[in-house]
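To start, the structure under review is shown below, and the notes come after it.
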Amino acid sequence: MSSRYNIKETEDKWRKIWEDRESFKVTENSDKPKYYVLEMFPYPSGSIHVGHARNYIMGDIVARYRKAKGFNVLHPMGWDAFGLPAENAAIERSEHPDKWTHENIDVMRDQLKSMGLSIDWSREFATCDAEYYRHEQKMFLDFYKKGIAYRKESVVNWDPVDHTVLANEQVIDGKGWRTGAPVERRKLNQWFLRITDYADELLECLQKLDGWPEKVRIMQENWIGKSKGLQFNWNIKDHEDQIEVFTTRPDTLFGASFLALAPDHPMAEKLCEGIEGFEDFVQQCQSVGTSEEAIAQAEKLGFDTGHKATHPLLPGKEYPIYVANFILMDYGTGAVFGVPAHDQRDLDFARKYDLGVIPVILPPDEDAETYAIENEAYTDDGIAYNSEFLDGLNKQNAIHAAIKKCEEIENGTGKTQFRLRDWGVSRQRYWGCPIPFVHCEACGTVPVPEDQLPVTLPPDVNFDTPGNPLERHPTWKNVECPKCGKDATRETDTFDTFFESSWYQFRYCDPHNENLPVGKDKAKYWMPKGGGVDQYIGGVEHAVLHLLYARFFTKAMRDCGYVDCDEPFTGLFTQGMVTHQTYQGHNGQWLFPEEYQEITDKSTVKVGSPIKMSKSKRNVVAPEEISETYGIDAARLFMVSDSPPERDVEWTEGGIEGAWRFVNKLHRLVDEATLPAANENEPKDFSEEALTLRRAIHKAIQGVAQDIENFHMNKAVARIRALSNAVSDYKEGGWALREAIEVLTRIINPFMPHLAEELWNMLGHDTLLVDEPWPELRKELLVEDSVTIGVQVNGKVRASITLPADADNKAFEDEALAQDNVKKAIEGKQVRKIIVVPGKIVNVVVG
RNA sequence: GCGGGUGUGGCGGAAUGGUAGACGCGCUGGUUUUAGGUACCAGUGGCUUAGGCCGUGGAGGUUCAAGUCCUCUCACCCGCACCA
């Protein structure tokens, strides 16, 4: 009788051994090539659930695989520890954010450690600790000196009841989440980073990031939104001012029927001064919220200023000037001319306010006499008409001609605009990195001298009143001006938490450096010029913001002399979420899965479709409860088994049980196998069965390696299972069986490292598998000596034939035609053509 | 609204334009067992007049050959700058 696999005990044992031997500690002193694996670090929200775990498991598979492949692997972990949830916790249970955060970190570190991740824990840090954020204060001062950081007015969501700035996620249907009061837009002086100065470089380098998913590159490209167009002026009738507009469609210049200004455009106020209803209209626009989505989705509304604009190229014609809620002050000039025929938003607007719709681009196959726009604007290419000197030109030529003409009459120029806006980094919150500036009435905005860094957060704060406690802190806020010594106040805003996550990849290279964010030599080793983190892994939800900010920050750090690296992440993989069913009781309250299990009358419970695991929906599964029953190896395997990593995976009981059965099966396989000694020499001859097995073994060595490198973990698992089936079916024993089992043990190692280590030990080795290389590939065993392919008649499969791999086309043809089914199918018909694709297919075309 | 993505058996999913459904879950029947679970063996897309026919969200198209390429279309998911 075989011994049962004591999962828990065994997993604990090997983790302890790895830890005692410091198996995952790395230094820069190595002859091996470096490999840097990084998963997006967690926010310490309380506890890890298996939804988070998938990310770290995939990273760990890569890290362990690369280590076996002979790389010097850096695989670190830390905490993205500043953020809003800590303040919410402080308000809800009056616990200090620092205490709450560090308690959470302690819990989550233990959880992560229990997953057997090959992490160098000596490099751990939390971004909320002054040892970390002091460096970003210094870098911010450098950015300021270099002109990368500056201050300007910008709009925030304002809760008029709480007197608090709200995050977009705290604005629900235009109302504050706590107070329910309609949210206002308010202007504040805030800090910005000039990411737009880097727009072209960010765009250019994107082309070279071929280790990134295409979709992420496209998203970033669209986000940066480089567009060329025309910027020119319209005169206002009986008014000395002009309105400057930007358009990407100068070819539609003659199709204009109105001008529209952003509600916060300076000219809007000027033109509407004293007009009744204007202020109400602006207020209405401002209650929509600041998110682009909210603005875009809102019903198109306009306010007629009563003024008329005159067309720069059509003297005498007049156009109404509106203020419109869908025009953004941040983009272009904050003013547009509306061409309803060729822009859907303009068309919606024109229909609503009964403005003219003048088609000026004729689609192919349309007649200029009869062509008319109904309710859909035509935005594609066509031939310009109704357009004076542009008539007859296509889109591209018309654009050039229109720009040329405007330049000739000295009203306007061709211009490049970016959709990308400068990065606003000010947050009116406590739990973030203090911005190291002082405001002095005499000296203005004064940087905190470097020898006074870090500016640390005062611990003595309370959250009894809404708003930022730094604002009302008596001793912290009021300081002497570093320049003139008079009374001054500290900047009470803190940094956007994307600030911390924009450079942490560097900090791991040298996490305990007191003088610099990262030592130059260490940065050069792990993140040299032309290469950064070799494999970065995280959710696709970060495709734009975090990943764009980190790219920008890296370039800004480079320009300030901190690092050589241009791009932080050489390879990127965006993984899907872990979903789970939800359960709602009769009152609509969310139930935990175990609560659902205990309910006897299941009909009272509404079972929801699988959605992303989240605490609020109570559909989370804790890794501890899984490792208790099934072991963490089973969970690791399941996480990457069935679904492709980029796709969502649904956590199910059945799935984890299947993985667990496989863990046990492998243990039993090794336990029950009768094998020759580990050091026995390879025999000269093998039976046909042994050869077949050996081919399967070496195909798996190659296939699993390729699958891991291509992030096809699910396919790697399928291959491993197929090999294990082949091994179970193999009845001969002997040298080939030992080879098979040893290879199996090594290739499961990245996925199920505890089990693999145990099996390695059972196989009589006194080394640690964690230090062993990937199994050696015997290329000569990859070649098949026969090949089986399908035979089609007119594209339908009728038979299957097997021939020696080196047979010629004629042989395939003859064999195909000799098949009974083929004969039957072509009976009475004339064979017109026979297509033989070697190794693939034979297709007999008859007719 | 804008941008990105996904759609294949009962389920998760395989498939350089070349035998659709690998691998697994579930299910059905059987074997073993201390009851169950575990383990093992066999089967498992649909229809069928048993010869085949139909099948990759839907409709067209290209090709000797389409899940894969092209056009249109439907459904669902994610992001949208102060959540991280």
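Every chain is numbered from 1 and lettered A, B, ... according to where its sequence line falls, protein lines coming before strand lines.
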Cation-pi check, A:Arg721 to A:Phe662: give yes when NZ or CZ is under 6.0 Å from the six-membered ring centre and within 45° of the ring axis, no otherwise. yes
Take atom C1' in B:G7 and the same atom in B:G13, then report the distance between them in whole Å. 13 Å
Would you say B:G52 has OP1 or OP2 under 4.0 Å from some side-chain N or O of A:Asn821? yes
Evaluate the ring pair (Phe, Tyr, Trp, His ring centres under 6.0 Å) criterion for residues A:Tyr133 and A:Phe82: first the C-alpha distance (whole Å), next the side-chain angles of each, then the deciding distance (0.1 Å), finally the verdict. CA-CA 10 Å; A:Tyr133 69 67; A:Phe82 274 135; 5.6 Å; yes
Is A:Glu784 paired with A:Lys699 through a side-chain N to carboxylate O contact shorter than 4.0 Å? yes
I want to check a possible cation-pi pair here: A:Lys152 against A:Phe192, using under 6.0 Å from ring centre and within 45° of the ring axis as the test. yes
Looking at B:C40, B:C64, B:C82, which one has an atom nearest to any side-chain atom of A:Arg668? B:C40
For A:Arg351, the salt bridge (charged side-chain N to carboxylate O under 4.0 Å, His left out) test, sequence neighbours excluded, returns none
Counting side-chain heavy atoms from C-beta on, which of B:G1, B:A65, B:G52 comes nearest to A:Ala296? B:G1
Please determine if A:Lys352 and A:Glu299 form a salt bridge, counting it only when a charged side-chain N lies under 4.0 Å from a carboxylate O. yes
Within the structure, does a side-chain N or O atom of A:Arg427 lie under 4.0 Å from either OP1 or OP2 of B:C82? yes
Report yes if at least one side-chain N or O of A:Asn168 is closer than 4.0 Å to OP1 or OP2 of B:C83; otherwise report no. no
Taking the P atom of each, how far is B:G18 from B:C11, in whole Å? 26 Å
Pairwise C1' distance, B:G5 and B:G43 [rounded to whole Å]: 38 Å
Distances for protein N or O near nucleotides 24-26 of chain B N or O, under 3.5 Å:
unit_1, atom_1, unit_2, atom_2, d
B:G24, OP1, A:Asn725, ND2, 3.0
B:C25, OP1, A:Arg661, NH2, 3.2
B:G26, OP2, A:Arg661, NH2, 3.1

With C1' as the reference atom in both, quote the distance from B:C25 to B:U19 in angstrom, rounded to an integer. 26 Å
If you take the centroid of each ring, where Trp contributes its six-membered ring, are A:Phe41 and A:Tyr504 closer together than 6.0 Å? yes
Contact list for residues 833-847 of chain A, test salt bridge (Lys or Arg N to Asp or Glu O under 4.0 Å), sequence neighbours left out: none
Below 4.0 angstrom, N of the basic side chain to O of the carboxylate: do A:Arg217 and A:Glu214 qualify? yes
If you look at every strand shown and take non-hydrogen atoms under 4.0 Å, does A:Gly424 touch a base, only sugar-phosphate, or nothing? sugar-phosphate
Using only side-chain N and O atoms of A:Asn222, determine if any of them is under 4.0 Å from OP1 or OP2 of B:C2. no
Name the closest nucleotide to the A:Ala718 side chain, picking from B:C64, B:C23, B:A20. B:C23
Taking atom types as they are modelled, would you say the side chain of A:Gln190 forms a donor-acceptor pair with the base of B:C82 within the 3.5 Å cutoff? yes
Between the base of B:C83 and the side chain of A:Gln170, is there a donor and acceptor pair under 3.5 angstrom? no
Partner of A:Val156 under side chain to side chain contact (heavy atoms under 4.5 Å, CB included), picked from A:Lys187, A:Arg427, A:Arg186, A:Glu184, is A:Arg186
Give me the distance, rounded to whole Å, that separates B:G57 from B:G67 when you measure between the P atoms they each carry. 10 Å
Pick the closest RNA chain B nucleotide for A:Thr497 and for A:Lys824 by heavy atoms, then say which residue is nearer the 5' end. A:Lys824
Nearest-nucleotide wise, let me know which of A:Ile789 and A:Glu650 is further upstream toward the 5' end of RNA chain B. A:Glu650
Can you tell me how far C1' in B:U48 sits from the matching atom in B:C41, rounded to whole Å? 29 Å
Of all the nucleotides listed (B:C83, B:C80, B:A65), which has the minimum atom distance to the side chain of A:Trp223? B:C80
Counting the atoms with a prime plus P, OP1 and OP2 as sugar-phosphate, which does A:Leu84 contact under 4.0 Å by heavy atoms, base, sugar-phosphate, or nothing? sugar-phosphate
Starting from Watson-Crick (N1-N3 plus N6-O4 or O6-N4) and G-U wobble pairs under 3.5 Å, report the runs of at least three that RNA chain B belongs to. B:1-7 with B:74-80, B:10-12 with B:23-25, B:26-31 with B:39-44, B:45-47 with B:52-54, B:57-61 with B:69-73
Salt bridge check: are A:Glu292 and A:Arg419 linked by an N-O gap of less than 4.0 Å? yes
Closest to the A:Met219 side chain: B:C64, B:A81, B:G3? B:G3
With the 90 degree cut-off around zero defining syn, does B:G9 come out syn or anti? syn
Return the polar atom pairs (N/O with N/O) between nucleotides 15-17 of chain B and the protein under 3.5 Å, or none.
unit_1, atom_1, unit_2, atom_2, d
B:A15, OP1, A:Lys715, NZ, 2.2
B:U16, O4, A:Lys840, NZ, 2.5

Please report, rounded to the nearest Å, how far the C1' atom of B:C80 is from the CG atom of A:Leu545. 8 Å
Distance, C1' atom - from B:A65 to B:C80, rounded to whole angstrom: 43 Å
Ring centroid separation for A:Phe498 and A:Trp503, is it under 6.0 angstrom? no
Within the structure shown, what part of the strands sits under 4.0 Å from A:Ser641 by heavy-atom distance: base, sugar-phosphate, or nothing? nothing
Would you please say whether a donor-acceptor pair under 3.5 Å links the side chains of A:Asp493 and A:Gln428? yes
Select base, sugar-phosphate, or nothing to describe what A:Ser45 touches, counting heavy atoms under 4.0 Å on all strands. nothing
If I pick the C1' atom on B:G55 and the same atom on B:A20, what distance separates them, to the nearest angstrom? 9 Å
Salt bridge (charged side-chain N to carboxylate O under 4.0 Å, His left out) partners for A:Arg185, two or more places apart: none
Donor-acceptor pair present, A:Arg832 side chain and B:C64 base, under 3.5 Å: no
Within the 4.0 Å heavy-atom criterion, would you say A:Pro644 contacts the bases, only the backbone, or no part of the nucleic acid? sugar-phosphate
Just to be sure I understand the rule, does A:Phe662 reach a base, reach only the sugar-phosphate, or reach nothing, if contact means heavy atoms closer than 4.0 Å? nothing
Which nucleotide in B:C64, B:A84, B:A22 has an atom nearest any side-chain atom of A:Ile835: B:C64
Base, sugar-phosphate alone, or nothing: which one does A:Arg647 contact when heavy atoms must sit under 4.0 Å apart? sugar-phosphate
